[in-house]
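Working notes, beginning with the structure itself.
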Amino acid sequence: MIRVAVVDDHPVFRLGMAALLDSFDGVRVVGQAASAAEARALLGLDPGGDPPETGASADVVLMDLDLGDGSGVDVTRDLVRADPAARVLVVTMHEDDDAVVAAVRAGARGFLVKSASPAEVERAVHAVADGAMILSPSVADRAMAYVVGGRAAARVPFPQLTDREREVLDLVAAGLDNASISRRLVLSPKTVRNHVANVLAKLAVRDRSAAIVRAREEGLGQPR
């Protein structure tokens with residue numbers, strides 16, 4: 001019996017995925033979490049990433065990358081540090097190269113997009129439980145070219161962000177307000193606001209000032 005924990009902040013997807021997993025022979029869902037904080041509690045991690053004496057006993061953890069109050073990449077990294085044998089299968093909407101590399105660097109054993117078929121999900125859960133590394137067909141070729149081509153060797157600040165979110169953060173760190181960013185990137189003000197909100201959530205910072213400090217520490221916001 002493969003015991004699975006599901007971590008995703010979208011209730012419809014999380015509940016649907018749990019029901020799908022429970023329908024597979026030899027698979028049982030043993031816990032669910034809707035946020036990074038809930039995931040840490042479920043998986044037996046304190047805020048610093050140290051394992052307490054109790055936690056969810058799961059053979060495989062299905063992990064979303066965007067958890068509202070934090071990043072699935074960070075939760076994965078802390079889990080694998082606490083338990084190197086932990087097996088995390090990332091299931092996310094993001095297919096960009098940075099997201100794949102960030103997840104694998106954090107210790108994930110697999111990467112699936114949320115559009116994966118039930119058969120692909122079942123195959124991935126069994127493969128990861130057996131200790132294999134698996135990538136969905138839609139990202140495997142690009143991920144291999146990305147790593148073999150040496151781009152993985154270049155450090156990317158905040159890999160949990162999309163390229164556009166990182167571009168917006170760079171401009172925020174450079175001192176631009178939303179209206180200026182909107183004109184610079186030819187985006188609507190609402191789209192810029194949404195990107196800024198996503199950046200704050202993924203970096204788990206309270207406000208724009210804290211995001212600027214983090215960004216400048218990573219070399220963003222340099223004069224053009």
Side-chain angles (χ1 to χ4, degrees), residues 5-9 33 35-37 39-40 42-51 58-114 116 124-125 127-167 169-170 198-205 211 214-220:
V6 181
V7 180
D8 196 290
D9 66 341
S35 66
R40 292 179 186 280
L42 177 70
L43 301 171
L45 298 170
D46 70 13
D50 298 321
D59 301 307
V60 176
V61 179
L62 265 67
M63 182 75 68
D64 190 16
L65 293 184
D66 299 332
L67 295 176
D69 64 337
S71 167
V73 171
D74 292 336
V75 177
T76 297
R77 183 180 298 110
D78 288 345
L79 175 61
V80 173
R81 283 175 179 169
D83 178 12
R87 293 167 182 174
V88 177
L89 173 61
V90 169
V91 183
T92 181
M93 293 293 294
H94 301 297
E95 298 185 56
D96 59 277
D97 297 334
D98 287 347
V100 176
V101 172
V104 173
R105 281 181 171 176
R109 300 292 301 173
F111 190 101
L112 282 180
V113 291
K114 287 186 175 180
V125 168
V128 171
D130 288 339
M133 171 72 76
I134 187 166
L135 298 175
S136 65
S138 61
V139 300
D141 290 342
R142 288 189 299 106
M144 182 61 67
Y146 186 87
V147 174
V148 172
R151 290 181 60 197
R155 184 176 179 275
V156 177
F158 308 115
Q160 67 268 40
L161 302 181
T162 66
D163 290 341
R164 177 63 83 183
E165 289 166 350
R166 194 177 300 106
E167 186 176 20
L169 177 59
D170 184 40
N198 289 338
V199 167
L200 297 183
K202 290 183 180 181
L203 299 188
V205 294
R214 289 282 306 279
R216 290 179 178 173
E217 288 175 347
E218 293 293 325
L220 298 183

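All residue numbers refer to positions in the sequence shown, counting from 1. Basis for what follows: all heavy atoms, side chains included, without hydrogens, waters or symmetry-related copies.
Once rounded to the nearest 0.5 Å, the distance linking CG of Asp69 with CG of Asp9 reads 8.5 Å. If you take CD on Glu165 and CG on Leu200, they are separated by 10.5 Å, rounding to the nearest 0.5 Å. Taking CG from Leu161 and CG from Asn198, the interatomic distance works out to 9.0 Å, rounded to the nearest 0.5 Å. Residue Leu79 holds its CG atom at 12.5 Å from CZ of Arg87, rounded to the nearest 0.5 Å. Atom OG1 of Thr162 and atom CE of Met93 lie 13.0 Å apart (nearest 0.5 Å).
Put simply, the side chain of Asp78 never gets that close to the backbone of Leu45: no donor and acceptor are under 3.5 Å apart. Not a single donor-acceptor pair under 3.5 Å links the side chain of Asp8 to the backbone N or O of Asp64.
Every residue two or more places apart in sequence or in another chain that forms a salt bridge (Lys or Arg N to Asp or Glu O under 4.0 Å) with Arg77 is listed here: Asp74.
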Please walk me through it: do Val104 and Met133 pass side-chain contact (heavy atoms from CB on, under 4.5 Å)? CA-CA 9 Å; Val104 173; Met133 171 72 76; 4.3 Å; yes
Could you give me the CA-CA distance, side-chain angles and deciding distance for Gln160 and Leu203, then say whether side-chain contact (heavy atoms from CB on, under 4.5 Å) is met? CA-CA 8 Å; Gln160 67 268 40; Leu203 299 188; 3.6 Å; yes
Could you give me the CA-CA distance, side-chain angles and deciding distance for Val75 and Val88, then say whether side-chain contact (heavy atoms from CB on, under 4.5 Å) is met? CA-CA 10 Å; Val75 177; Val88 177; over 6 Å; no
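The heavy-atom pair separating Val7 from Ala39 by the smallest distance is CG1-CB, 3.7 Å. Between Ala215 and Phe158 the shortest heavy-atom distance is CA-CE1, 3.8 Å. Closest approach of Ala204 and Gly70 over heavy atoms only: CB-CA, 4.5 Å. In terms of heavy-atom proximity, Leu220 sits nearest to Pro157 at CD2-CG, 4.1 Å. Nearest heavy-atom pair across Ala124 and Ile134 is CA-CD1, 3.8 Å. Of all heavy-atom pairs between Leu42 and Ala5, the closest is CD2-CB, 4.1 Å.
For the pair Asp66 and Lys202, the minimum side-chain heavy-atom distance is below 4.5 Å. In this structure the side chain of Leu89 reaches within 4.5 angstrom of the side chain of Val125, judged on heavy atoms. For the pair Val60/Arg109, no side-chain contact is recorded, criterion being any heavy-atom separation below 4.5 Å from C-beta on.
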